[in-house]
Amino acid sequence: MKLKHYLLFLLMAISAQPVWAEWSGSVTYEYRHFPNEPLNPVQHNDNSSIALQPEYHHQWDNGRQLFSFIPYIREDEHDDARSQTDIRELSWLKAGDIWELRLGIRKVFWGVTESQHLVDVINQSDLAANTDGEDKLGQPMLNLALIGDYGTLDLFVLPYFRERTFPGEKGRLRGEYYVDTEQDAIYQSEDKEKHIDYAARWAKSVGVWDIGLSHFYGTSRAPRFDIGFNNKGQPVLVPVYDLIHQTGLDVQATIDSWLLKLEYIHRSSDLESYNASTTGLEYTWYGIFTSPTDLGLVLEYLHDDRDDKATTPFENDVLLGLRFAFNDTQSTDALLGIITDADKDTTIYSIEASRRLGDAWKLSLEARYYEKVDATDQLIYSIRDDDYIQMELAYYF
Amino acid sequence: MKKILTAISIGLLASSISFAQTAEEKGLAIAIEADKRDTGWKDSTTEMFMTLRNAQGQESKRQMRTKTFEVKADGDKSLTIFDQPRDVKGTAFLSFTHSKRPDDQWLYLPALKRVKRISSANKSGPFMGSEFAYEDISSQEVDKYTYKYLRDEKVDGKDSFVIERKPTYEHSGYTKLISWVDKNMYQAVKVEFYDRKNTLIKTLTVSGHRQYLGKFWRAHQMDMTNHQTKKSTTLEWKNYKFKTGLRSRDFDKNALKRLR
């Protein structure tokens, strides 16, 4: 209720000026089918979910001030952990000549690669929504950007931590023990989720190069897990969030039809210290066979020097991707991807495709298939029977 | 001997500045004059409306807003924000055109809040699924073509220069473009596009020219017809504004992320 009053006040205060303001957004119906039987009988083979994401943007001061509000509501058929309400964005921004101040709940993306986003550390992943980690929760922040010939220096104060979401007890794409986010997570910091995190990033474009250098200190967005018990006395995973330092570098060279990419991080906590990287390239043939279709080739190598102790499944893996953009009126596109382990047999196949229907609808398909999953690739091993196909129908307003 | 050489060189010099210029020189001179007349507008904003039609006459709409910033001695900077179709609403495109090296381009994807540097080698691909290629709608810099004056001709009763242009940049989908340039406005009123096989593939007609700030002409409608696919696209401009006070800072990656 308090939030509502605050919003109303804010809207009234800023609507007094000549402005550009607009509501828009989307409603998305999602259906997932899992052809294999689940590990646990409480899980299901078919699942529907509906998500509403309205957007309000209010721009004034010749585009130099912006207010944004993006709430997000999802209702899932079976999995309570996937049913959630979030504020993806509730922010105010003011741009000066050599600075920008951004205040509120926001989303920030850092990085250049496609297979994984190592450097991108500000926002928490909404893994309940999609295990690919591209969905993010809104992050409260104070962000001052200093802008000049030296590039952009972004300074962040992050006063509140958001716990990662995971599929729940009745959801698929979880291991034998599900992650219980109902009970309190374990934090290294005594301040728990109120620990104040800090981050800084310098970025600059020089000729064909786009370079970013960043540092983060605070609560790790990626937890490790302890075994605990839920309120029914069943064993579950309880997330443990350590304090970390992470230094990141992201570089892209854009040369003719080639994109050369690197993301590198060094992360350290009281328990471990490691390096991880994604190195890759992308080449696009524009107008293959004198058609309007573009074909992009994506090749990335994923490395983590913790090897089998890595908390990600990508310690020594290769991604090969083919991206088709048909450049038709309905913007049809498709992305085929294979991630394979360089020294084990574990392979993930992935297909993503989408097409606009009419002017306001969009149909998307997604499929994932896990093959010959090695037991040492724990994260994928735990979801080895969770191959799925997903259809999404979205309406945009 | 020395005197004869001097006489010859004076003669050569004289011929190059006389009216007996070659067709290439005359073509280039017209392009330079057109560029000169369109210098000094500083910045502009406008709304663009696109109607795509397939061979059966089915229509599809696009809508976007563009801000442009004039850069002296190099290509212009521009920022395009997409409003329709609604699934790409908020997507924005930042382009720094350069006269002598490939353009720099970035795309902002609002769902991911991601700014992607993209390759500018995509010249011949369709813009938003339309009959306009990226190279048709990007900033037309003098250095991007070689020129040849062909003849004078009337188009819709207007006296025009007919000029042949050949792209000097890589990855063009065209071998040549034939432009009809209105002698009064120094603005193209019609363009024919010849593909890599040197076949006439598209014809553009440009109309609704209006003069701004007492000097700068802007077309308000372009109709592109593809003779091979029988598809066509109409591009209309509304609400042109000039010297709106935009600065270079309004055309950087930070601005790309904040525009709505």
Side-chain angles (χ1 to χ4, degrees), chain A residues 20 22 24 26 55 57-59 62-64 66 68 93 95-98 100 102 106-112 123 134 136 145 147 152 203 205 207-208 210 252 254-259 282 284 286-287 290 292 294 325-331 354 356 358-362 394-397, chain B residues 45 52-54 58-62 67 83-90 96 101-102 104-106 109-130 133-134 170-171 173 195-197 229 231 244-247 249-250 252-255 257-260:
Chain A
W20 183 89
E22 199 174 57
S24 60
S26 63
E55 294 196 16
H57 298 286
H58 192 108
Q59 192 171 264
N62 208 4
R64 294 201 179 99
L66 174 71
S68 296
L93 175 156
D97 271 349
I98 54 163
E100 268 181 41
R102 304 150 186 154
R106 295 178 63 241
K107 180 155 102 176
V108 169
F109 180 89
W110 297 346
V112 292
N123 288 78
E134 301 252 304
K136 298 285 180 184
I147 301 152
T152 299
S205 301
V208 301
D210 284 66
Q252 180 177 313
T254 308
I255 301 163
D256 206 55
S257 303
W258 293 90
L259 311 180
E282 202 171 321
T284 307
Y286 297 102
T290 65
D294 301 334
F326 295 94
N327 290 313
D328 55 347
T329 317
Q330 302 312 122
S331 307
S354 73
R356 181 167 46 248
D359 281 334
W361 297 82
K362 191 169 161 182
Y395 174 73
Y396 294 86
F397 53 90
Chain B
T45 64
L52 285 59
R53 269 173 234 93
N54 67 12
Q58 277 178 308
E59 290 191 351
S60 176
K61 304 272 189 189
R62 308 275 185 270
K67 303 179 180 212
D83 291 323
Q84 267 186 33
R86 286 180 290 206
D87 62 305
V88 295
K89 186 179 165 54
F96 294 178
R101 59 185 172 95
D104 300 329
Q105 298 178 345
W106 294 265
L109 306 169
L112 302 172
K113 307 278 175 208
R114 181 172 180 179
V115 174
K116 262 185 171 178
R117 173 80 172 263
I118 57 172
S119 163
S120 61
N122 186 10
K123 301 284 185 198
S124 58
F127 176 74
M128 301 286 285
S130 76
Y134 284 92
E170 276 188 282
H171 310 294
D195 68 10
R196 287 175 188 146
K197 286 174 240 149
T229 61
K231 290 184 196 172
T244 63
L246 289 167
R247 283 163 282 184
R249 244 291 269 139
D250 295 310
D252 66 13
K253 283 201 272 180
N254 292 296
K257 285 188 269 193
R258 74 164 186 264
L259 280 164
R260 284 295 175 278

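Per chain, numbering begins at 1; letters A, B, ... match sequence-line order.
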Novice: Give, as side chain, backbone, both or neither, the part of B:R249 having an atom under 4.5 angstrom from any heavy atom of chain A.
Specialist: side chain

Novice: Top residue by heavy-atom pair count (under 4.5 Å) with chain B, among A:D359, A:L259, A:I147?
Specialist: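 Most pairs with chain B among the choices: A:I147.
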
Novice: Taking side chain as everything from C-beta outward and backbone as N, CA, C, O, which of these in B:L52 sits under 4.5 Å from a heavy atom of chain A? Side chain, backbone, both or neither.
Specialist: side chain

Novice: Using a 4.5 Å cut-off on heavy atoms from C-beta on, say whether the side chain of B:R86 contacts that of A:S24.
Specialist: no

Novice: Side chain, backbone, both or neither: which part of B:R62 has a heavy atom under 4.5 Å from chain A?
Specialist: side chain

Novice: Measure distances from A:Y396 to the heavy atoms of chain B and classify the residue's part below 4.5 Å as side chain, backbone, both or neither.
Specialist: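 Both parts, backbone and side chain.
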
Novice: Given that the side chain runs from C-beta out, which part of B:T244 has a heavy atom under 4.5 Å from chain A: side chain, backbone, both or neither?
Specialist: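 Looking at B:T244, just its backbone touches chain A.
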
Novice: Given the options A:S68, A:A325, A:G207, A:A203, which has more heavy-atom pairs under 4.5 Å with chain B than any of the others?
Specialist: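 Going by pairs under 4.5 Å, I would pick A:G207.
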
Novice: Looking only at non-hydrogen atoms, find the nearest pair between B:M128 and B:P85 and report the distance.
Specialist: CE-CD, 4.0 Å

Novice: Using the side-chain contact (heavy atoms from CB on, under 4.5 Å) rule, take B:I118 and A:T254 through it: C-alpha gap first, then chi angles, then the decisive distance, then the call.
Specialist: CA-CA 7 Å; B:I118 57 172; A:T254 308; over 6 Å; no

Novice: Heavy atoms only, distances under 4.5 angstrom: which of A:L93, A:T284, A:V208 has the most pairs with chain B? Name it, please.
Specialist: A:V208

Novice: Quick one, A:T329 and A:R356 - any side-chain contact, counting heavy atoms below 4.5 Å?
Specialist: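 No, their side chains stay 4.5 Å or more apart.
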
Novice: Answer with side chain, backbone, both or neither: which region of B:Q58 has an atom nearer than 4.5 Å to a non-hydrogen atom of chain A?
Specialist: neither

Novice: Report yes if the side chains of B:K67 and B:L259 come closer than 4.5 Å at any heavy-atom pair, otherwise no.
Specialist: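 B:K67 reaches B:L259 side chain to side chain.
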
Novice: Are the charged groups of A:E22 and B:K89 less than 4.0 angstrom apart, N to O?
Specialist: yes

Novice: Under a 4.5 Å heavy-atom cutoff, which of B:A121, B:G125, B:G129 has the most pairs with chain A?
Specialist: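 It is B:A121.
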
Novice: Quick check on A:Q252 against chain B: is it the side chain, the backbone, both or neither that has a heavy atom closer than 4.5 Å?
Specialist: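 Side chain of A:Q252 only, per the 4.5 Å heavy-atom cut-off to chain B.
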
Novice: Would you mind checking which part of A:K107 comes under 4.5 Å of any heavy atom in chain B, side chain (CB onward), backbone (N, CA, C, O), both or neither?
Specialist: both

Novice: B:W106 vs B:K253, test: side-chain contact (heavy atoms from CB on, under 4.5 Å). Steps then yes/no.
Specialist: CA-CA 8 Å; B:W106 294 265; B:K253 283 201 272 180; 3.7 Å; yes

Novice: State which residue, out of A:Q59, A:H57, A:H58, fulfils the side-chain hydrogen bond (donor to acceptor under 3.5 Å, both in side chains) condition with B:R260.
Specialist: A:H57

Novice: Below 4.0 angstrom, N of the basic side chain to O of the carboxylate: do A:D97 and A:R64 qualify?
Specialist: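 Looking at A:D97 and A:R64, the cut-off is not met.
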
Novice: For A:K362 and A:S26: C-alpha separation, side-chain torsions, deciding distance, then whether side-chain contact (heavy atoms from CB on, under 4.5 Å) applies.
Specialist: CA-CA 10 Å; A:K362 191 169 161 182; A:S26 63; over 6 Å; no

Novice: Let me know if B:K123 has heavy atoms under 4.5 Å from chain A in its side chain, its backbone, both or neither.
Specialist: neither

Novice: Counting only non-hydrogen atoms closer than 4.5 Å, does B:D252 touch chain A with its backbone (N, CA, C, O), its side chain (CB onward), both, or neither?
Specialist: side chain

Novice: With no hydrogens and no angle check, just 3.5 Å: does a side-chain donor-acceptor pair link A:T152 and B:N254?
Specialist: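 Judged by distance alone, the side chains do pair up.
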
Novice: Of all of B:K231, B:K61, B:R247, B:K257, which one pairs up most often with chain A through heavy atoms under 4.5 Å apart?
Specialist: B:R247

Novice: Heavy atoms only, distances under 4.5 angstrom: which of A:L66, A:V112, A:D256, A:I98 has the most pairs with chain B? Name it, please.
Specialist: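 Most heavy-atom pairs under 4.5 Å with chain B: A:D256.
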
Novice: Please answer whether the main-chain N or O of A:P292 pairs with a side-chain N or O of A:N327 as donor and acceptor at a distance below 3.5 Å.
Specialist: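 Yes; at least one donor-acceptor contact below 3.5 Å.
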
Novice: If you compare all heavy atoms of B:H171 against all heavy atoms of A:S257, which two are closest, and at what distance to 0.1 Å?
Specialist: CE1-OG, 4.4 Å

Novice: Would you mind telling me which of A:S331, A:G287, A:A145, A:S205 has the largest number of heavy-atom pairs within less than 4.5 Å of chain B?
Specialist: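 Answer, by heavy-atom pair count under 4.5 Å with chain B: A:S205.
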
Novice: Could you tell me which portion of B:A111 (side chain, backbone, both or neither) has an atom closer than 4.5 angstrom to a non-hydrogen atom of chain A?
Specialist: backbone

Novice: So which part of A:R102 gets closer than 4.5 Å to some heavy atom of chain B, the side chain, the backbone, both or neither?
Specialist: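 A:R102 touches chain B through side-chain heavy atoms alone.
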
Novice: Quick one: what part of B:D250 sits under 4.5 Å from any heavy atom of chain A, side chain, backbone, both or neither?
Specialist: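 Only the side chain of B:D250 comes within 4.5 Å of chain A.
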
Novice: Which bit of A:Y395 is near chain B, if near means a heavy-atom gap under 4.5 Å: side chain, backbone, both or neither?
Specialist: side chain

